[in-house]
Protein chains: 2
Amino acid sequence: MIILSKLADYGVIVATHLALAPDRQENAATVAAATRLPLATVAKLLKALAHAGVVSATRGAAGGYRLARPAAAISIAEVVAAIDGDIGLTQCSVHVDECAHTTYCPTRPHWAAINRAVGQALQAVTLDDMISPYAFLPPAAVQPAAELSR
Amino acid sequence: MIILSKLADYGVIVATHLALAPDRQENAATVAAATRLPLATVAKLLKALAHAGVVSATRGAAGGYRLARPAAAISIAEVVAAIDGDIGLTQCSVHVDECAHTTYCPTRPHWAAINRAVGQALQAVTLDDMISPYAFLPPAAVQPAAELSR
DNA sequence: CCCAATTCGTACCAATCCGGTACGCAATAG
DNA sequence: CTATTGCGTACCGGATTGGTACGAATTGGG
């Protein structure tokens, strides 16, 4: 299974690209060319990111986008949430009331804890971490999950 | 966004139900009634779980399913993987070679680390944890993601 | 030895969701 | 005033997914 949607994946790429040159103001076409993604899709992504306050947009001729905050203050979780909505493991986590099984489903309370762990993993990484090419190898988190690659 | 597919969610519910009575052998119809899920879907899930070695099936009359191992030895990650396939954040993580952007995409190496952190969160929880109603607040599983920030 | 119950495997259908596109409006610079 | 660029909405085709159906294989009981 793939956790992130393609769009969210692209969103991170676009945001990372902007983080590379925080001072420059780039329009959608430029970003699209640099990331080799379809222009229309990039425009859509940037709009969503702007709406969430991750990037700021200036309209009109010679307009464009730039990061709204320093790259170190923007987490991956935020970027993903801007595009795909709130992060939740199960239907229950996101739309609590729509689950008719709530009363007798014994697993529900446990999801919250797992949820937090996943959210934290995404929140712990910032755009700044993404642009530093090699410095990011957390030894504590890397090893134990080896068995999962089955 | 919702990370787990509905089917995977159901799968965990079914597996949890079996964990409640590890000795009894239950057929698909019984499980479906107990979990209030569609019979056909439950049958499909049990088949997938059996294929992955999570539950063992005995065929023929008076056949049925039961856990293949003690509940404490089966992680949520395993159950999910049995139904939805391998867990990966991005397309890149799962189908590495199909990503044409590999060479110049600067974010790729970083996903692996996040990936592992998420996998760990799912692997730290066993079916046994799921059936113990209140005792589940694993400080060990929730915290470590913080270390990810290098 | 035969029949009934039950899982197994495969194939199939329907619907929702998602990636991607198009078009018109609003705003800003020159 | 005009050209450029972002904004918003609406739309479409396709892939994925949730769900169903049916026949084959297997086992226990009469």
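Convention: sequence-line order gives letters A, B, ...; per-chain numbering from 1. Predicted model, so just to flag it, every value in this text is computed and none were measured.
In summary, contact between chain A and DNA chain D, defined as any nucleotide atom under 4.0 Å from a heavy atom of the protein, begins and ends at D:dT4 to D:dT9 in the 5' to 3' direction.
Summarising the geometry of A:V80 relative to A:A8, their closest heavy-atom pair is CG1-CB, 4.3 Å, with the distance given to 0.1 Å. Closest heavy-atom contact between B:L18 and B:L46: CD1-CD2, 4.0 Å. When all heavy atoms of A:A19 and A:A71 are compared, the closest pair comes out as CB-CB, 3.9 Å.
The shortest side-chain heavy-atom distance between A:S56 and A:R66 falls under the 4.5 Å cut-off.
Between the side chain of A:T35 and the backbone N or O of A:V31 there is at least one donor-acceptor pair closer than 3.5 Å. The main-chain N or O of A:V12 is found under 3.5 Å from a side-chain atom of A:T16 such that the two form a donor-acceptor pair. Looking at B:D129, its side chain does come within 3.5 Å of a backbone N or O of B:T126 through a donor-acceptor pair. Between the side chain of B:Q123 and the backbone N or O of B:A77 there is no donor-acceptor pair closer than 3.5 Å.
Checking A:G63 against A:H51, the closest nucleotide of DNA chain D that is more toward the 5' end is the one next to A:G63.
Counting non-hydrogen atoms under 4.0 angstrom, B:A43 reaches nothing in the nucleic acid.
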Quick tally for nucleotides 19-30 of chain C: nucleotides whose base has a protein heavy atom under 4.0 Å get B, sugar-phosphate-only ones S, the rest -, giving SBB----BBBS-

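The nearest whole Å value for the distance from the CG atom in B:L45 to the P atom in C:dT7 is 14 Å.
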